Amino acid sequence: MSLSGCFGNSEDFLTENDRKLNRRKLGLIVNQADPLSIKIARYYQKKRNISRENVIIVQFDPRRAALSFREFQHLKTKIDAKTPPGVQAYVLSWARPYQVGCMSMTSAFALGVDEAYCAKGCLPTKANPYFNSSSSQPYSDLGIRPTIALAAVNFQQAKRLIDRGVAAEGTNPKGTAYFLNTSDKARNVRSLFYSDIRQKIGDRFAIQIPKTDALEDKTDIMFYFTGVEQVDKLDTNRFLPGAIADHLTSFGGKLTDSSQMSSLRWLEAGATGSYGTVVEPCNFPQKFPHPGVLMHYYLQGDTLIEAYWKSVAWPGQGLFIGEPLARPFKKFID
C-alpha cells in the first residue's frame, strides 16, 4: 500500500463562494522519511478534514537542522509540481530541518530561495510582500504561499497543539495581551510600539504592559510578546486556545539545538503559535512580529498563519510555528 493511501480518500467539495483561507486552500507537506512527520500529518489531516489531494509527500533526511539552497530547490521543484493550483499556504509536519541556507525553512517555502531575504551582518533584507496586507489569497494575489510548521519533538506535543487550534474556533476569548517591557535593552526594542498599539486597539482587546522580564501565575494569556534570551516561569501560566507568544532574541527559531530558548518552549507551554529567527538577525524590529499588526488581523478573523505572516516586514530569517488554521476571533464555517 502506498503512503498516499494512508491519507484517506478525496472529497467532493462544494464550490467556494468566499475568499477566506481555509482547509481547502492549505497544502500539507509530509516527510516520508520521518515517522513523526507522517504521524503528525495523519492526525492533522483527520482533525482539519484536509483533502488527500492537498497532502504532498516528499522524502529527505530528517536528522539535519539545515538544507542547502541547492538541496531545497530540488525538493521544492517536486513540491511545486504536486501542489494543487488552489493552494494558498503550506503547513509542514516537522520541526527539523528548520533552516535553508541563510533562510528559515518556512520563509524558503513561502518566498523561494533568495539571498536578498538574508542579512550578512546587521543589514536590512528584502521585504515581505504580504506584510500588513488585506489579501486572503496570497498566492493568487502576490505569488507567495505563507508557510508554518506544526513543530514538535514528539507526537503528544503535536497532538495537543493541533487540538488547541481546533478548540479555538470562534470562541472569541476574553483574555489579555501582555506586552512585556523587559530589562534587556537590546531585545526590548518592540516596546517602542507598545503604548501606540494600546491606544489604537486597546478598546478591542485588553492590553497590559508590565515592566518585568517574565509573567507568573497568569491564567488568561492570549498574546505574550517579550524580548529576552530566556523566558522564565512559563510553566506557571495558562494560555488560552489560539494564543500567540514569542520572544525577540537571536536564535529562537533554532528549534532543536538553540543556545537560547527555542520557540518550541512556547508551544509546549500551551501557546498555539510562535516565531523565532534561525540565524543572527540583529535587533531589527522589522525581522520580528509587530504585535499591533498581528493583533489587528487576528482580531478581525484572520487565521493564525495569515495574521502572523502579515506581521513580519522582513521574515526571511524567521521561522513560523504553530497550528495554521486557528481562528478564535470569528466564527467561520467551511
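Predicted model only: the values in this text are computed from it and were never measured.
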Dump the intermediate steps for side-chain contact (heavy atoms from CB on, under 4.5 Å) on Tyr98 and Lys254, then the final yes or no.
CA-CA 7 Å; Tyr98 53 73; Lys254 295 174 71 70; 3.6 Å; yes
Within the distance-only criterion (no hydrogens, no angle test), does the side chain of Lys330 pair as donor or acceptor with the backbone N or O of Leu299 below 3.5 angstrom?
no
Crowded around Glu115 CD? As in, over 12 foreign heavy atoms under 6.0 Å?
no
Working to the nearest 0.5 Å, report the span between CG of Leu161 and CD1 of Ile321.
8.5 Å
Less than 6.0 angstrom separating the ring centers of Phe205 and Phe223, yes or no?
yes
Salt-bridge contact Arg160-Glu268 (side-chain N to carboxylate O under 4.0 Å):
no
Looking at Ser37, is its backbone amide N or carbonyl O close enough to the side chain of Ser93 to form a donor-acceptor pair, meaning the two atoms are under 3.5 Å apart?
yes
Just verifying a value: how many Å separate Gln230 CD and Ser258 OG, rounded to the nearest 0.5 Å?
9.0 Å
Can you tell me if Tyr43 and Asp163 form a side-chain donor-acceptor pair at under 3.5 Å?
yes
Verify whether one side chain among Thr176 and Gln208 offers a donor that lies under 3.5 Å from an acceptor in the other.
no
Does Thr106 use its side chain to pair, donor to acceptor, with the backbone of Phe320 at less than 3.5 Å?
yes
Are the side chain of Ser107 and the backbone of Pro315 linked by a donor-acceptor contact shorter than 3.5 Å?
yes
Distance from Leu234 atom CG to His247 atom NE2, nearest 0.5 Å?
9.0 Å
Trp266 ring center within less than 6.0 Å of Tyr224 ring center
yes
Return yes if a side-chain donor-acceptor contact under 3.5 Å exists between Gln317 and Ser104, otherwise no.
no
Quiz question: by atom type and distance under 3.5 Å, do the side chains of Gln137 and Ser135 form a donor-acceptor pair?
no
Tell me whether Phe131 is reachable from Trp314 by hopping between hydrophobic residues (I, L, V, M, F, W, Y) whose side-chain heavy atoms are closer than 4.5 Å.
no
Would you call Arg327 and Asp302 a salt bridge, using N to O less than 4.0 angstrom?
no
With Thr219 via side chain to side chain contact (heavy atoms under 4.5 Å, CB included) - residues at least two apart
Arg238
State whether Asp246 and Arg190 are salt-bridged, where the test is any N-O pair (Lys NZ or Arg NE/NH1/NH2 against Asp/Glu carboxylate O) under 4.0 Å.
yes
For the backbone of Gly101 and the side chain of Gln99, can you confirm whether one donor and one acceptor N or O come within less than 3.5 Å of each other?
yes
Do Leu36 and Ile38 sit in the same hydrophobic cluster, where Ile, Leu, Val, Met, Phe, Trp and Tyr count as joined when their side-chain heavy atoms come under 4.5 Å apart?
yes
Check each of Trp309, Phe329, Tyr308 against Tyr298 using the ring pair (Phe, Tyr, Trp, His ring centres under 6.0 Å) test, and report the only one that passes.
Phe329
Kindly state whether the ring of Phe60 and the ring of Trp94 have centres lying under 6.0 angstrom apart.
yes
Can you label the angle between the Tyr194 ring and the Phe179 ring as parallel, tilted or perpendicular, going by 30° and 60°?
tilted
Taking 4.0 angstrom as the limit, do Glu71 and Arg64 come out as a salt bridge?
yes
For the pair Asp184 and Asp213, evaluate side-chain contact (heavy atoms from CB on, under 4.5 Å) and give the outcome as yes or no after the intermediate values.
CA-CA 8 Å; Asp184 189 330; Asp213 286 353; 5.7 Å; no
Is Asn49 reaching over with its side chain to a backbone N or O of Gln45, donor-acceptor style, under 3.5 angstrom?
no
Using modelled atom types and a 3.5 Å cut-off, is there a donor and acceptor pairing between side-chain atoms of Lys310 and backbone atoms of Ser133?
yes
Would the Tyr178 and Phe225 ring centres measure less than 6.0 Å apart?
no
Do the side-chain N and O atoms of Asn181 and Asn188 include a donor-acceptor pair separated by under 3.5 angstrom?
yes
Over 60° means perpendicular and under 30° means parallel, so tell me whether Phe193 and His290 are parallel, tilted or perpendicular.
parallel
Arg187 with Glu229: basic N within carboxylate O range, under 4.0 Å:
yes
